[in-house]
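Input: a single structure, listed below in structure tokens.
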Amino acid sequence: MFDLARVRSDFPILAREVHGQPLVYFDNAATSQKPTRVIESISDYYDRYNSNVHRGVHTLSGEATDAYEGARVRIGRWFGVEDPGEVILLRGATEALNLVANTLVDSLKPGDVILVGETEHHANIVPWQQLEARIGVRVIPIPVDPSGALSLESAKTLCSEHPVAVIAVGHVSNAIGALNDVQGFVTLAQENQAYSVIDGAQAAPHMMVNVKELNADFYAVSAHKCCGPTGIGVLLGRRDLLERLPPWQGGGDMIDRVSFSGTTYNELPWKFEAGTPNIADTIGFATALDYLESIDFKGAVEHEHRVHSHLTEAMLSRDKVDVLGHPNHWVSVCSFNVKGAHPTDVGTLLDQLGIAVRTGHHCAMPTMEHFGLPGTARASVAFYNSIEEVDHFLEALDRVIGMLTD
Ligand code: PMP
């Protein structure tokens, strides 16, 4: 059973004060907090078995290799992927998306169209634009509908008009929090013999994701949004596709044999993991998923949904607040502006009251452009937040509104 009080005590940082006020951490879309267990798993690796993986015959290297490869299996299993060859450990969702765009280069030809959601994070836009400049593919945005979700109908029309080769969309948008119909986009990609690329950075910490059931070709995840450490993430991809793609970076671990007469490459997943991997944080990521399982993740998701609904209902009812979007399926985020005030001022004053929200364009400038805004303030909740914290935030926001607009 999900027990909020116990869960909160697992996160030491939640007990701290900011400017003499209890911290209310509502910046979970930027990064989540880490439970003690995750922090300890990382220091335990450095304390007891720090060693490089894969090539050592000594005990420590064997232990580090077992922990690293065991973490890979654990991470894959959380996302419904049983084959560790389909679990590529990378620096984060950004690197995962860059890997896909860069390795698809030989599978695409000039004139091919890449459909990219209009509300994507820059990490799922810029790599495709770089490919556009490099090989002459065309990037076309999938429009956002008035609710803030990506329009599947518009994507269908675009597919009937253009030679679409890739559909790259976010599972949940980080600037609005809209849950997109990714199943619809994956099916649409399949119907058009296009690759489906899903940015799961904002979905993974807020719901169970089964990449095999979704049948996406590529799915990118960031550990630091899922109570894991920064600097680690995963690309989950289909083995048959990954085998066809060329390696991306060259170096140790990704090779089979190196010779000046010709070099051959390692098998999956190591073909895409050049150099010493981020061993400690991979172990931390797997521990974070163990932790999520241990707290009754399903209960945690239900609780978070109640907290988020409480927040969005209250925000939508405030005359002096404009909320960005009102999706049918809305996850974690509430992006807003106080009428007549700059979001940075709102964020700065909330910080003085102990409340952490993010302000700005949220690495989603095209989303801001669509809505004609320079930026927003964004409150984003996680399962360890409480209804009381939302009420505290609302009281603080009302004070800030008074300060800025009276
Ligand atoms: N996509 C989305 C939707 C995100 O919110 C983020 C992180 N802000 C990223 C990609 C980039 O992820 P990472 O920090 O792991 O590189």
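Both ligands and their constituent atoms are indexed starting at 1 by order of listing.
Not a single heavy atom of His362 lies less than 4.0 angstrom from ligand 1. By the 4.0 Å heavy-atom criterion, Arg91 is excluded from the residues contacting ligand 1.
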Output, in order, the C-alpha distance, side-chain angles, deciding distance and verdict of side-chain contact (heavy atoms from CB on, under 4.5 Å) for Leu108 and Ile114.
CA-CA 10 Å; Leu108 302 172; Ile114 320 283; 3.9 Å; yes
Let's go through Glu302 and Lys298 carefully: what are the C-alpha distance in whole Å and the side-chain angles of both, what is the deciding distance for salt bridge (Lys or Arg N to Asp or Glu O under 4.0 Å) to 0.1 Å, and is it a yes or a no?
CA-CA 6 Å; Glu302 284 164 8; Lys298 193 167 168 283; 3.4 Å; yes
Phe371 and Leu324: side-chain contact (heavy atoms from CB on, under 4.5 Å), yes or no, with the steps?
CA-CA 8 Å; Phe371 289 97; Leu324 192 59; 3.4 Å; yes
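Applying side chain to side chain contact (heavy atoms under 4.5 Å, CB included) to Thr119 and the options Val144, Ile142, Val172, Ile125 leaves one that passes, Val144.
Atom 3 (C) of ligand 1 has as its closest protein heavy atom Asp199 OD2, 3.4 Å. From the protein, the heavy atom lying nearest to atom 12 (O) of ligand 1 is Ala93 CB, 3.4 Å. For atom 4 (C) of ligand 1, the nearest protein heavy atom (residue, atom name, distance) is His121 CD2, 3.3 Å. Closest to atom 16 (O) of ligand 1 among all protein heavy atoms lies Thr94 OG1, 2.5 Å. Closest to atom 7 (C) of ligand 1 among all protein heavy atoms lies Lys225 NZ, 2.5 Å.
At a cut-off of 3.5 Å, with distance as the only test, a side-chain donor of Asn102 or Arg134 sits close to an acceptor on the other residue. Between the side chains of Asn50 and Tyr45, a donor-acceptor pair is found at a separation under 3.5 Å.
Heavy-atom proximity to Gln202, at under 4.0 Å, picks out these atoms of ligand 1: 3 (C), 4 (C), 5 (O). Residue Gly92 has at least one heavy-atom neighbour below 4.0 Å for each of these atoms of ligand 1: 15 (O).
Residue contacts with ligand 1, taken as heavy atom pairs separated by less than 4.0 Å, involve His224 solely via side-chain atoms from C-beta onward. Only side-chain heavy atoms of Ala201 come within less than 4.0 Å of ligand 1; its backbone N, CA, C and O stay farther off.
The pair Lys156-Glu161 fails the salt-bridge criterion, with no side-chain N (NZ, NE, NH1 or NH2) lying under 4.0 Å from an Asp/Glu carboxylate O. Ion pairing between a basic and an acidic side chain is recognised when a charged N comes within 4.0 Å of a carboxylate O; Glu267 and Arg239 show no such pairing.
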